[in-house]
Amino acid sequence: MKRESAGSLRPADAGRRVRLVGWIHRVRDHGGVLFFDLRDRSGICQAVVSPSDAAAGIAGKLRAEWIVAVEGTVRLRQEGARNPKLPTGDVELGDVALEVVSESDAPPVLPSSTDVPDEAVRLRYRFLDLRREEMQRNLTLRHRVLQATRRYLDAGGFLELETPMLTRSTPEGSRDFLVPSRLQPGAFYALPQSPQLFKQLLMVSGFERYFQVVRCFRDEDLRADRQPEFTQIDIEMSFVDQEDVLSLAEGLTRALVAEAGWELALPLQRLTYAEAMARYGSDKPDLRVPLEIVDLSAFAASLDAPFVQSALAGGGVLRGLRAPGGASLSRKQWDELSGQIERFGLRSVPYIALAEDGLRGSLAKAVPPASQEALCQALGLEQGDAATIIAGPEEPTSLALGVLRLAFADRFSLRAPGHRFVWVTDFPLMEWSDEEGRAVSRHHPFTHPSPEDVDRLEAEPLAVRAQAYDLVLDGNEIAGGSIRIHERPLQERIFRLLGLSAQEAQEKFGFLLDAFRFGAPPHGGIAFGFDRLVMLLCGAPSIRDVIAFPKTAKGTDLLTGAPADVSQVQLDELHLGVKAAKEPER
RNA sequence: GGAGGCGUGGUGUAGUGGUUAACAUAUGUGCCUGUCACGCACAAGACCGCGGGUUCGAUUCCCGUCGCCUCCGCCA
């Protein structure tokens with residue numbers, strides 16, 4: 001008899017004889033009549049065993065997570081015995097024959113429980129954790145978004161092409177995972193941080209529209225939304241400009257989020273990088289938060305605070321941000337916020353609060369009475385509100401206000417319901433790296449400068465904008481891309497600005513420069529952080545919740561025990577010696 | 001590299017400088033014929049992550065260490 005799905009049975013099936021095979025979700029043994037819930041991927045269905053049934057003997061032994069095969073007759077439940085919480089709650093399986101397919105120990109992660117075990121237990125027993133409904137739902141949505149990606153891009157004329165996983169390490173970018181070569185002693189492959197160069201070569205090769213669902217590897221520290229291996233939807237197009245790429249990406253995004261039931265109105269909102277920084281203090285602003293940074297330079301002269309005057313004398317800016325209801329915060333609570341902005345060179349959060357008895361706060365004395373009303377009006381302060389006012393160099397000031405903006409949003413629950421997408425465009429091409437002592441690419445070295453800024457490349461490299469863009473969802477970067485350089489001389493200029501000698505450039509990227517000598521089309525693209533997008537669509541708190549077998553924060557896999565020691569024979573074959581003294585084997 | 005949080009029966013939690021270490025659930029046994037997080041009774045199950053220190057006495061306080069998580073740095 002053919003196996004059917006437990007979750008699919010409905011009143012219309014009443015009277016049919018069916019066979020279900022699945023896991024025992026729960027057993028309710030009343031001594032006489034016994035109920036058990038059978039679970040498979042499709043859902044749950046209740047079966048009933050009466051004392052007179054032949055199956056009664058076996059049924060009494062069933063435990064959670066055993067696998068059983070059940071043959072039974074679908075019947076409508078009695079009046080008052082229906083369960084509106086289950087899709088199958090109007091029917092049940094009666095007159096059953098039972099066969100135990102597979103027994104189970106008492107499981108450390110109980111899929112039928114509402115308690116979520118400790119992360120370490122979940123990861124150690126991931127195969128059980130994945131049985132939980134939440135994880136089944138998350139990975140199912142992941143699948144559907146993936147299939148929607150392929151449908152949409154295939155229909156749009158894109159070819160899904162694969163690129164190497166064993167490739168060469170390149171300068172710039174994040175730390176590479178290295179793979180030692182057996183056949184080339186002392187040489188290493190690198191796992192790709194992204195297929196960037198290969199997809200550009202595919203454009204030179206004339207494929208015109210490429211995409212790939214591709215695993216990428218970056219050997220950096222982990223976060224709730226960062227794993228060392230992750231999946232990108234990688235896209236590249238020839239003979240396009242920025243508008244073409246954004247338009248394609250918007251259409252794709254609409255199709256993908258529709259899988260989660262989200263509706264998206266196009267075109268999406270846009271901000272330039274400069275606007276995003278000035279108004280929200282972030283290059284990935286969460287637009288659900290209604291607060292905006294206010295420029296207060298008009299008040300620069302009238303504020304009587306030494307730090308303001310010295311900051312402005314040094315060419316700094318004066319900006320403020322309202323904290324709705326912030327007058328209720330105590331001095332101590334303001335002090336607690338200061339830890340979040342220490343890294344921007346600020347020791348405390350200067351603030352004013354509009355209380356019933358007038359202006360209070362650490363900065364209140366600096367505000368002359370004559371300026372009070374105008375200042376409060378500029379900041380949009382109402383009775384009971386507060387505001388922070390920060391003076392200093394533009395970038396750290398903006399970033400600090402951006403951090404406080406999110407802190408206010410947390411503390412005062414300011415995020416509007418729903419979801420907000422926004423493009424951030426016109427990123428700087430390069431930024432200064434103190435560590436490297438030189439300019440480094442903000443996006444990557446193949447990013448095309450904005451045409452109107454190309455002339456300034458050598459004169460003011462840090463002021464040059466790029467044809468680079470990020471797609472931001474609720475304060476998370478979910479995609480990023482750029483128009484690429486396809487002109488060999490321009491690419492060489494960029495390499496030079498990045499401190500790469502002609503010889504190094506030829507050595508590391510010669511294959512790309514060579515390719516550009518043979519009719520390279522203008523091209524550009526974008527890559528979506530697939531795991532992160534699915535995480536947000538699921539409402540999950542961590543990227544781990546949408547990856548079947550993720551790593552811990554220290555990059556280990558608690559299920560397999562990776563990374564692990566290898567034998568001396570393996571090391572010898574790879575021409576490797578291990579340098580660090582290691583703990584003795586346990 | 002840095003900061004913080006957590007670690008107590010299988011699982012989720014409570015709690016305390018001197019307790020028989022509590023509760024729920026899972027487990028075992030028994031009872032129970034309409035439950036659906038079934039119910040009831042009984043039982044078993046924890047050297048309170050590990051090591052050291054303070055103390056008459058440490059699961060509790062301190063130091064170190066390990067594990068998990070979060071954040072900063074890092075992530076073109």
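Proteins come first, then strands; the chains are lettered A, B, ... in the order of their sequence lines, and each starts at number 1. None of the values given here were measured: they were computed from a predicted structure.
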Side-chain heavy atoms of A/Ser450 within contact of A/Asp453, under 4.5 Å =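 Yes; the side chains approach each other to less than 4.5 Å.
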Between A/Gln467 and A/Gln242, is any side-chain donor less than 3.5 angstrom from a side-chain acceptor?
->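 No.
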Please check the phosphate of B/U25 (OP1 and OP2 only) for any side-chain N or O of A/Ser112 closer than 4.0 Å.
->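 No.
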Please determine if a side-chain N or O atom of A/Thr114 lies less than 4.0 Å away from the OP1 or OP2 oxygen of B/A37.
->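 For B/A37, neither OP1 nor OP2 has a side-chain N or O of A/Thr114 closer than 4.0 Å.
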Integer angstrom distance from the [atom1] of [N] to that of [M]:
N	M	atom1	value
B/G53	B/G17	P	23 Å
B/A22	B/A14	C1'	7 Å
B/G5	B/C63	P	11 Å
B/G12	B/C72	C1'	31 Å
B/U27	B/G10	P	15 Å
B/G9	B/G15	C1'	15 Å
B/G49	B/U16	P	16 Å
B/C50	B/A58	P	15 Å

Angle class for the A/Phe446/A/His444 ring planes (parallel below 30°, perpendicular above 60°, tilted otherwise)?
->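 A/Phe446 vs A/His444 ring planes: tilted.
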Would you say the side-chain atoms of A/Arg77 pair up with the backbone N or O of A/Val91, donor to acceptor, closer than 3.5 Å?
->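 The answer is yes, because a donor-acceptor pair under 3.5 Å joins these two groups.
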Is a donor on one side and an acceptor on the other found under 3.5 Å between the side chain of A/Arg532 and the backbone of A/Glu477?
->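 It does hold such a pair.
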Across the strands shown, which category fits [X] at heavy-atom distances under 4.0 angstrom: base, sugar-phosphate, nothing?
X	value
A/Glu92	base
A/Arg124	nothing
A/Ser52	nothing
A/Pro117	sugar-phosphate
A/Leu558	sugar-phosphate
A/Ser194	base

What's the closest nucleotide to the side chain of [X] if the choices are [options]?
X	options	value
A/Ala81	B/C69, B/G12, B/G34	B/G34
A/Val33	B/U70, B/G34, B/C36	B/G34
A/Gln46	B/C36, B/C38, B/G73	B/C36
A/Pro51	B/C69, B/U33, B/U35	B/U33
A/Pro108	B/G10, B/C36, B/C68	B/G10
A/Arg343	B/G34, B/G73, B/U70	B/G73
A/Lys85	B/A37, B/U70, B/G34	B/A37

Please write out the pairs of protein N or O atoms and N or O atoms of nucleotides 28-31 of chain B separated by less than 3.5 Å, giving the distance to one decimal.
residue	atom	partner	partner atom	Å
B/G28	OP1	A/Arg63	NE	3.2
B/G28	OP2	A/Arg63	NE	2.8

Let me know the distance between [atom1] of [X] and [atom2] of [N], rounded to the nearest Å.
X	N	atom1	atom2	value
A/Leu38	B/U35	CG	P	21 Å
A/Arg26	B/A37	CZ	P	7 Å
A/Lys554	B/G67	NZ	C1'	7 Å

Sequence-aligned protein contact record of nucleotides 46-51 of chain B, with B where the base is within under 4.0 Å of a protein heavy atom and S where only the sugar-phosphate is | ------
A/Arg442: partners by salt bridge (charged side-chain N to carboxylate O under 4.0 Å, His left out), with sequence neighbours left out =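 Partners of A/Arg442 by the salt bridge (charged side-chain N to carboxylate O under 4.0 Å, His left out) criterion, ordered by chain and then number, come out as A/Asp283, A/Glu431.
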Salt bridge (charged side-chain N to carboxylate O under 4.0 Å, His left out) partners of A/Asp426, counting only residues at least two apart =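 For A/Asp426, no residue satisfies salt bridge (charged side-chain N to carboxylate O under 4.0 Å, His left out) once neighbours in sequence are set aside.
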Evaluate whether atom OH of A/Tyr189 has more than 12 neighbouring non-hydrogen atoms of other residues, nucleotides or ligands under 6.0 angstrom away.
->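 Open: at most 12 neighbouring heavy atoms sit under 6.0 Å from OH of A/Tyr189.
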Does a sphere of radius 6.0 Å around CG in A/Asp410 hold more than 12 heavy atoms from other residues, nucleotides or ligands, not counting ones at 6.0 Å or beyond?
->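 Yes - once you tally the heavy atoms of other residues, nucleotides and ligands closer than 6.0 Å, there are more than 12.
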Take A/His25 and A/Ser112 through the test side chain to side chain contact (heavy atoms under 4.5 Å, CB included) and record every step on the way to the result.
-> CA-CA 6 Å; A/His25 193 63; A/Ser112 62; 3.4 Å; yes
Applying ring pair (Phe, Tyr, Trp, His ring centres under 6.0 Å), which residue pairs with at least one partner in residues 34-56 of chain A are found, sequence neighbours left out?
->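 Passing the test, one end in residues 34-56 of chain A: A/His30-A/Phe35.
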RNA chain B: A/Arg75 or A/Val27, which has the more 5' nearest nucleotide?
->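 Upstream on the strand: A/Arg75.
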Quick one: on RNA chain B, does A/Arg77 or A/Val121 contact a more 5' nucleotide (nearest heavy atom)?
->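 Whichever sits nearer the 5' end wins; that is A/Val121.
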Just do the side chain to side chain contact (heavy atoms under 4.5 Å, CB included) check on A/Arg438 and A/Leu498 with the steps written out, would you?
-> CA-CA 7 Å; A/Arg438 64 177 176 90; A/Leu498 293 173; 3.9 Å; yes
Using only heavy-atom distances, decide whether a donor-acceptor pair under 3.5 angstrom links the side-chain of A/Arg226 to the base of B/C74.
->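 Indeed, a donor on one side and an acceptor on the other fall under 3.5 Å apart.
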Polar pairs (N or O, both sides) under 3.5 Å between protein and nucleotides 1-7 of chain B?
residue	atom	partner	partner atom	Å
B/G1	O6	A/Asp221	OD2	3.4

A/Phe530 and A/Phe230 aromatic centres sub-6.0 Å =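 Judged by ring-centre distance (under 6.0 Å), A/Phe530 and A/Phe230 do not meet the cut-off.
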Apply the side-chain contact (heavy atoms from CB on, under 4.5 Å) test between A/Glu4 and each candidate in A/Asp13, A/Val18, A/Val21; give the one that qualifies.
->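 Among A/Asp13, A/Val18, A/Val21, the one that satisfies the side-chain contact (heavy atoms from CB on, under 4.5 Å) with A/Glu4 is A/Val18.
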